[in-house]
Amino acid sequence: MMQRTVISILIVLLGGFLFLEACKKQEDATPALIPLQFTVPSGFPEPVYKFENNPLTQQGFALGKKLFFDGRLSKDGNFPCASCHQQFAAFATFDHPFSHGFNNQFTTRNAPGLFNVAWMKELHWDGGINHIEVQPLAPIVAENEMAETIDNVIAKLKDDVAYRQMFKTVFGNEEINSQRMLKALTQFVAMLVSADSKYDKVKRGAASFTEAEEAGYQVFQVKCAACHTEPLFTDNSFRNTGLPVNDIVKDIGRMRITGNAADSLKFKVPSLRNVFLTFPYGHDGRFYSVGAVIDHYRSAVVNGPTTDPLVKDKITISDYEKQDLLSFLRTLTDSAFIGDKRFAQAE
Amino acid sequence: MKAGSGYILCAFLFLLCGCQKELKNDNSTGKSYTVHIVFQPVVQGQPLVFNQPYTNAFGEDYTVTAFRFYVSALSLKNNNTGLPVAGEVKYRLADAAIGNTLSFTVSTDQNIFNGLSFQIGVDSIDNVSGARSGDLDPAKGMFWTWNSGYIMAKLEGASSYSVVPDGNFTYHIGGFSGENQTIRSILLSTPQNQQITLKDDRMITILVNGDIDKWFHGAHALSIASNAFVHSPGSLAKLYADNYAAMFSIASITEE
């Protein structure tokens, strides 16, 4: 009897131990990575970014998203990526020619919207960034933006148990370094695809243009599409569109990167997708309406040695054509994109 | 059965070794030699001491606070056969402030050499391939964030001849594409071009001096007064690259 009791107790203890072990194991186990699909929208070319070097997973995307919205990537905690890249403005800065940065400073260029970035070979208005993965380093260390050091950011992430767990899940162990942070951020940013505007629906045969939109599309194809090439609505080239130089900023554009006088005052052609959400316009945000930009091309182009041949004689657009053009450009607003919960800050 | 498959494996391995030997050049000894290569920053022949006052060829006073450079493709050369006799080293950041980053170990199966070659800088493909880790981690402070690309070498210090308000000079030399590229290949000969024969029971150390003065007066004359800083690729950066390409020499080869 006594022996039986001892055995029973032992069995219970053993069972309990095994149970505890099982629990522990479950806690330690890294959840399996769930692959995430990057879908190339119909009519789009293959993306520039090579996803095979950074396999997309739900967990990698979630980590990138957490980083994108985390103020700790900035010196004082106030300037996450999302402070200048707001979803409701197609990830541009809403209604600001320049964005606010650390210590009441302004940036010197207009924050571009973030969408279809996976198709960009060069980033920034001057194309100074040659790879999407290293882009976040620029705002993180810029004194007038996030004003932080790479080492400090990594140290802050390492201090956070939640991050350690997420990095471990995504990359196999708890090591946190700049490469891993940047690859995770890239998973989030590269997934920001905007290809569901009315224009896209028309292209898919799921909607039709109004008469004005159709007329505007005709004008667009003849007078704008050489630079704002479909389907990305940019050819990603650098051009001088004849904007007079801002005497305070004195921004020489692409020449700052190449050192080549032939690149003076050239800036990257921005996409016109979501153009009604990303105002103001121009590399320094000098135009407050799409109409003002069209008026620039109609009548205010300044000619210099590098002014683009396509605009140097100005572009003839009648008042009627301008109205139609505006109607067409409104069809490039992608409401599904700015309302997409996958890209919204976690509540 | 087990023993049988073991024999087959052995035979197969021998066969493989045989094949490999045939492909290699005849100088292979079949033995492995280890060679240490140590970079030693110097000024006027003496090891560099941070913050110690020096005078350059222009008579300008200066002190050094930082000196770092990327080393790769480190290999021993037999200039008679033109063949490399030792394996490569891929991108290591040599930092004068961190002693162990200045020494390298290469192994070779050939025992005669009379030259040493290496590259200062990071190849163009590795400047355009996104986020990197290890010695290429941007956190090392050798990566430009506003104009993607690695700083191949940097020299920082102070001088009363600097026109910058804080009296410092900062030469951050980079540029990887086209005519702005600052990657430099360096080939050094042994003293008096003597042929060195490695022995498998002796360790050889090659001491490579890097003369800081050459930054100011190497292939080109670049006074501190005329240029206190370089922070971007371009024609000036190229001149400094030519100068650092000329700063290295083999000071000694010792056998232990």
Side-chain angles (χ1 to χ4, degrees), chain A residues 48-54 64 107-109 121-146 148-155 157-158 171 175-187 190 254-261, chain B residues 66 68 90-91 93 95 97-98 121-152 154 165-166 170 172-183 227 229-241:
Chain A
V48 170
Y49 185 61
K50 300 276 177 278
F51 287 96
E52 59 262 33
N53 298 329
N54 186 14
T107 59
T108 55
R109 286 177 182 156
K121 193 169 170 287
E122 283 135 338
L123 300 97
H124 283 195
W125 282 103
D126 57 20
I129 310 295
N130 64 28
H131 197 285
I132 177 176
E133 285 175 4
V134 294
Q135 193 285 333
L137 297 172
I140 287 172
V141 305
E143 284 293 321
N144 59 341
E145 296 188 54
M146 298 157 85
E148 191 45 289
T149 66
I150 302 168
D151 280 337
N152 278 348
V153 171
I154 298 302
L157 299 180
K158 281 179 176 171
F171 297 104
E175 189 188 341
I176 298 179
N177 60 32
S178 74
Q179 183 186 42
R180 289 180 170 188
M181 175 185 75
L182 294 169
K183 284 195 182 276
L185 270 168
T186 301
Q187 293 211 9
R254 179 92 179 129
M255 184 180 164
R256 176 171 179 240
I257 301 304
T258 63
N260 185 349
Chain B
R68 313 164 95 189
K90 197 73 178 165
Y91 304 135
L93 179 57
D95 186 339
I98 307 170
V122 177
D123 286 332
S124 95
I125 183 70
D126 293 295
N127 280 269
V128 297
S129 304
R132 307 298 293 272
S133 59
D135 276 7
L136 291 181
D137 188 331
K140 298 278 181 189
M142 297 291 279
F143 187 79
W144 278 311
T145 56
W146 57 277
N147 179 6
S148 309
Y150 284 95
I151 295 167
M152 310 301 180
K154 82 163 51 160
D166 61 9
T170 45
H172 297 179
I173 310 305
F176 59 86
S177 64
E179 55 177 47
N180 281 341
Q181 71 106 346
T182 52
I183 303 155
N227 306 294
F229 61 93
V230 184
H231 286 174
S232 59
S235 50
L236 187 56
K238 273 162 49 187
L239 299 183
Y240 279 95

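Convention: sequence-line order gives letters A, B, ...; per-chain numbering from 1.
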What pair of heavy atoms forms the shortest contact from A/His131 to A/Tyr49, and how long is it? CE1-CE1, 3.6 Å
Does any backbone or side-chain atom of A/Arg256 lie under 4.5 Å from a heavy atom of chain B? Answer side chain, backbone, both or neither. both
Toward chain A, the part of B/Ser129 with a non-hydrogen atom under 4.5 Å: backbone
Part of A/Thr149 within contact of chain B (heavy atom distance under 4.5 Å): neither
Which class fits the ring pair B/Phe229 and B/His231: parallel under 30°, tilted 30 to 60°, perpendicular over 60°? tilted
So, taking the atom named CD in A/Glu133 and the one named CD in A/Gln187, what distance separates them when rounded to the nearest 0.5 Å? 9.5 Å
Heavy-atom proximity to chain A below 4.5 Å, by part of B/Ser133: both
Quick check against the 3.5 Å criterion: does B/Lys238 have a side-chain atom that pairs as donor or acceptor with the backbone of B/Glu179? yes
Flag the one option from A/Asn130, A/Leu123, A/Val134 with the top tally of heavy-atom pairs under 4.5 Å to chain B. A/Asn130
Are there more than 12 heavy atoms of other residues, nucleotides or ligands under 6.0 Å from atom CD1 of B/Ile125? no
